[in-house]
Amino acid sequence: MGEEKSVNNYDIVYIGDSSNSNDDHSISDPTIYFRNISLSYFAAEPFEMLTKHNRFKELCLENDNPEAHYIEGILQYFAHKENAKASIIYQASIGEYRNGTYLYGLLLLALEHYPKGKKYLDKLQWKENLSTSDYCWKRVKKTLSTIPAIMETRYYTAMVNLEPWTECHPDNMAEVCKHCYYSKRLTQFVQFAMNQD
């Protein structure tokens, strides 16, 4: 009987050092893994974490993943209408998740906490470069578009009360200055929320 070559031949063949592979298994601490894993898919589809991936979300929250706090805050505040849960979005902001910082700043403006809301929006350094703020609005809008009926009457009241006294750039939402930035961002949010209903 000769030697057979088969797919079941498990002879080990040394092919060299595998330390140059792209698989980095040196970070095996689950705390680091769950804190740093990207949840961008779930940020765009937050209900997926509520239904199909709840345990995964809980693990990420337990390990202070800022994106998980952002998603949980959105679900609690907008989907479950638990307004006291805006502080969960704050957790995303202190974890330096920019979309969380942007949304938290907007919510503070919408709840008429103007100085604090401005402070959080300023963390995105919009005066130097508006692109970060624009990008965050695009991402926040995508997330919120999956949640129906986010508008509250008090948002409209806050928008009216925040309108600038000066008439700078009245017809151009894209052009902003230190006098109209906050008002225009809150107006974008309120108009978006009104169209969700």
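Positions are given from 1 along the sequence. Small disclaimer: the values here were computed from a predicted structure and weren't measured.
A donor-acceptor pair is defined here as one N or O able to donate and one able to accept, closer than 3.5 Å; no such pair exists between the side chain of N65 and the backbone of L61. Although no hydrogens or angles enter the test, the distance criterion places no donor-acceptor pair under 3.5 Å between the side chain of T146 and the main chain of K142. In this structure, K81 contributes its side chain and F78 its backbone to a donor-acceptor pair below 3.5 Å. Between the side chain of T132 and the backbone N or O of L124 there is no donor-acceptor pair closer than 3.5 Å.
Here the shortest heavy-atom pairing between S93 and T101 reads OG-OG1, 3.1 Å. Pairing each heavy atom of F192 with each of K141, the nearest pair is CE1-CG, 3.2 Å.
Two residues are said to be in side-chain contact when any heavy atoms from C-beta on lie closer than 4.5 Å; C60 and F56 meet this criterion. Residues L103 and I74 form a side-chain contact, since some pair of their non-hydrogen atoms from C-beta on lies under 4.5 Å apart. Proximity of D64 to H69: side-chain heavy atoms (C-beta onward) are separated by under 4.5 Å at one or more points. For the pair M194 and Q191, the minimum side-chain heavy-atom distance is 4.5 Å or more. Using a 4.5 Å cut-off on side-chain heavy atoms (C-beta onward), F34 and E62 make no contact. In this structure, the side chains of M151 and V190 come closer than 4.5 Å at one or more pairs of heavy atoms. The side-chain heavy atoms of Y90 and Y120, taken from C-beta on, include a pair separated by under 4.5 Å. When side chains are defined from C-beta on, T143 counts as touching P46, because their heavy atoms get closer than 4.5 Å.
Hydrophobic clustering of Ile, Leu, Val, Met, Phe, Trp and Tyr side chains at less than 4.5 Å, counting indirect connections, unites F47 with V140. A continuous path of hydrophobic side-chain contacts links I94 to I71 [ILVMFWY only; heavy atoms under 4.5 Å]. The cluster map of Ile, Leu, Val, Met, Phe, Trp and Tyr, joined by side-chain heavy atoms under 4.5 Å apart, puts L162 and V160 in the same cluster. Taking hydrophobic clusters as Ile, Leu, Val, Met, Phe, Trp and Tyr residues chained together by side-chain heavy-atom distances below 4.5 Å, L144 shares a cluster with Y41.
Atom OH of Y70 is separated from atom OH of Y102 by 10.5 Å, given to the nearest 0.5 angstrom. The structure places OG of S131 at 12.0 Å from NZ of K138, a figure rounded to the nearest 0.5 Å. Taken from CD1 in I150 to OG in S145, the straight-line distance is 9.0 Å, to the nearest 0.5 Å. Within the model, atoms CG of L50 and CG of L75 stand 5.5 Å from one another, a figure rounded to the nearest 0.5 Å. Considering NZ of K57 and CG of L59, their distance stands at 11.5 Å, rounded to 0.5 Å. For the atom pair CG (L107) and CG (L186), the distance works out to 10.0 Å, reported to the nearest 0.5 Å.
Applying the salt bridge (charged side-chain N to carboxylate O under 4.0 Å, His left out) rule to K118 yields no partners; only residues at least two apart in sequence or on another chain are considered. Partners of T51 by side-chain contact (heavy atoms from CB on, under 4.5 Å), not counting sequence neighbours: none found. Taking the side-chain hydrogen bond (donor to acceptor under 3.5 Å, both in side chains) definition, one finds that Y104 meets it with nothing, sequence neighbours left out. Applying the side-chain hydrogen bond (donor to acceptor under 3.5 Å, both in side chains) test to Q91 and every residue at least two apart in sequence or in another chain returns nothing. With sequence neighbours left out, D122 forms a side-chain hydrogen bond (donor to acceptor under 3.5 Å, both in side chains) with W126, Y182. Residues satisfying the side-chain contact (heavy atoms from CB on, under 4.5 Å) criterion with P66, sequence neighbours excluded, are Y97. Taking N161 as the reference, E112, Y114, T157 meet the side-chain contact (heavy atoms from CB on, under 4.5 Å) condition, with sequence neighbours excluded. Scanning for side-chain hydrogen bond (donor to acceptor under 3.5 Å, both in side chains) contacts around S133 gives Y181, R185, with sequence neighbours left out. By the side-chain contact (heavy atoms from CB on, under 4.5 Å) test, S38 is found to be paired with S40, E67, residues two or more places apart in sequence or in another chain being considered. With sequence neighbours excluded, no residue forms a ring-ring contact (aromatic ring centres under 6.0 Å, His included) with Y156. Remark: E58 pairs with no residue by the salt bridge (charged side-chain N to carboxylate O under 4.0 Å, His left out) rule, at least two apart or across chains.
The stretch residues 44-53 participates, sequence neighbours left out, in these salt bridge (Lys or Arg N to Asp or Glu O under 4.0 Å) pairs: E48-K52.
Remark: E96 CD is loosely packed, at most 12 non-hydrogen atoms of other residues, nucleotides or ligands lying under 6.0 Å away.
Ring pair F189/Y155 is tilted by interplanar angle, where 30° to 60° counts as tilted.
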